[in-house]
Novice: 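Sending over a structure as structure tokens; questions will come in a sec.
Just so you know, these numbers come straight off a predicted model, no measurement behind them. The basis for the numbers below is simple: all heavy atoms, side chains too, and nothing from hydrogens, waters or symmetry mates.
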Amino acid sequence: MYCLASSAVSLQGFPGMEPRSEAVRKSSRSGILTAVCVASLTLPALLAAPSAAAPRTTEAAPSCVAMYQSWRYTEAANDCAGSASVLVLYQDGSTSLCSTLAPLAVRTVGEGYLGQHGRADHLETCEPS
């Protein structure tokens with residue numbers, strides 16, 4: 001692992017960071033490396049967006065609601081006579097937030113296939129919160 005093996009970081013060139021003795025230099029270097037390693041290992045987990053906590057149903061969206069997915073967005077088009085509330089179910093099992101579409105509306109309802117959850121599987125009905 002890079003964090004554990006990279007102890008050859010130099011503090012020279014950073015104003016106010018030149019330690020006075022070899023013992024202080026090694027202690028400072030070790031503390032900085034530890035902080036950088038901990039931050040680099042924990043920060044991605046803290047910044048990762050949690051899966052949307054939308055209420056799940058097993059009912060597929062009506063056939064008058066169509067889904068289109070590009071590399072960036074997943075859109076839904078409502079050709080129904082009334083409004084429809086749908087969420088995207090992705091192939092990895094994650095869901096998007098519940099979105100309500102007015103009749104004849106087209107709206108972005110999720111991320112595209114290059115997003116965190118990959119390809120959309122289908123739309124399901126949901127209860128808006």
Side-chain angles (χ1 to χ4, degrees):
M1 176 170 270
Y2 180 75
C3 284
L4 299 177
S6 63
S7 61
V9 174
S10 173
L11 298 176
Q12 295 177 2
F14 293 100
M17 293 298 291
E18 292 90 8
R20 285 181 232 145
S21 70
E22 185 64 27
V24 172
R25 182 178 298 130
K26 285 183 180 180
S27 175
S28 296
R29 187 181 302 152
S30 175
I32 291 171
L33 283 176
T34 301
V36 169
C37 288
V38 168
S40 68
L41 295 174
T42 58
L43 193 58
L46 295 175
L47 294 178
S51 214
R56 289 287 313 273
T57 66
T58 56
E59 188 176 336
S63 60
C64 55
V65 178
M67 178 182 71
Y68 309 98
Q69 188 177 37
S70 70
W71 68 274
R72 190 167 186 183
Y73 302 112
T74 300
E75 294 183 330
N78 182 7
D79 289 330
C80 303
S83 59
S85 296
V86 295
L87 59 81
V88 179
L89 178 66
Y90 294 96
Q91 289 180 347
D92 70 353
S94 299
T95 59
S96 68
L97 297 174
C98 186
S99 300
T100 301
L101 295 105
L104 304 176
V106 177
R107 181 174 174 186
T108 299
V109 293
E111 60 189 28
Y113 54 79
L114 290 183
Q116 180 180 5
H117 303 294
R119 297 213 177 255
D121 190 54
H122 64 276
L123 294 174
E124 292 186 351
T125 58
C126 60
E127 291 294 321
S129 51

Novice: Ser94 and His117: which non-hydrogen atoms are nearest, and at how many Å?
Specialist: OG-ND1, 3.0 Å
Novice: Should side-chain heavy atoms under 4.5 Å link Ile, Leu, Val, Met, Phe, Trp and Tyr, which residues sit in the same cluster as Val65?
Specialist: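 Met67, Val86, Val88, Tyr90, Leu101, Val109, Leu123, all in the cluster of Val65.
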Novice: With sequence neighbours left out, what residues match Thr74 under side chain to side chain donor-acceptor pair (under 3.5 Å)?
Specialist: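 Thr74 satisfies side chain to side chain donor-acceptor pair (under 3.5 Å) with Gln69 only.
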Novice: Can you give me the closest heavy-atom contact between Ser96 and Gly110, atom names plus distance?
Specialist: CB-CA, 4.5 Å
Novice: If I take atom CG from residue Leu97 and atom CG from residue Leu87, how far apart are they, to the nearest 0.5 angstrom?
Specialist: 9.0 Å
Novice: Restricting to side chain to side chain donor-acceptor pair (under 3.5 Å), what partner residues turn up for Thr100, sequence neighbours left out?
Specialist: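 With sequence neighbours excluded, Thr100 shows a side chain to side chain donor-acceptor pair (under 3.5 Å) to Ser85, given in chain and number order.
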Novice: Do you know which two heavy atoms are closest between Glu111 and Gln116, and how far apart they sit?
Specialist: OE2-N, 2.9 Å
Novice: Run the side chain to side chain contact (heavy atoms under 4.5 Å, CB included) test against Ser70 and tell me which residues pass, sequence neighbours left out.
Specialist: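 If we apply the side chain to side chain contact (heavy atoms under 4.5 Å, CB included) test to Ser70, skipping adjacent residues, the hits are Arg72, Tyr73.
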Novice: Name all residues meeting the side chain to side chain donor-acceptor pair (under 3.5 Å) criterion together with Glu75; count only those two or more places apart in sequence or in a different chain, and write none if there are none.
Specialist: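 Counting only residues at least two positions away or on another chain, Glu75 forms no side chain to side chain donor-acceptor pair (under 3.5 Å).
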Novice: Any idea which heavy atoms bring Gly82 and Pro103 closest together, and the distance?
Specialist: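 Shortest heavy-atom separation between Gly82 and Pro103 comes out as C-CG, 3.7 Å.
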Novice: List, by chain and then residue number, the residues other than Trp71 in its hydrophobic cluster (Ile/Leu/Val/Met/Phe/Trp/Tyr, side-chain heavy atoms under 4.5 Å); write none if there are no others.
Specialist: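 Traced through the cluster, Trp71 reaches Tyr113, Leu114.
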Novice: Verify, without hydrogens or angle tests, whether Asn78 (side chain) and Ala102 (backbone) share a donor-acceptor contact under 3.5 angstrom.
Specialist: yes
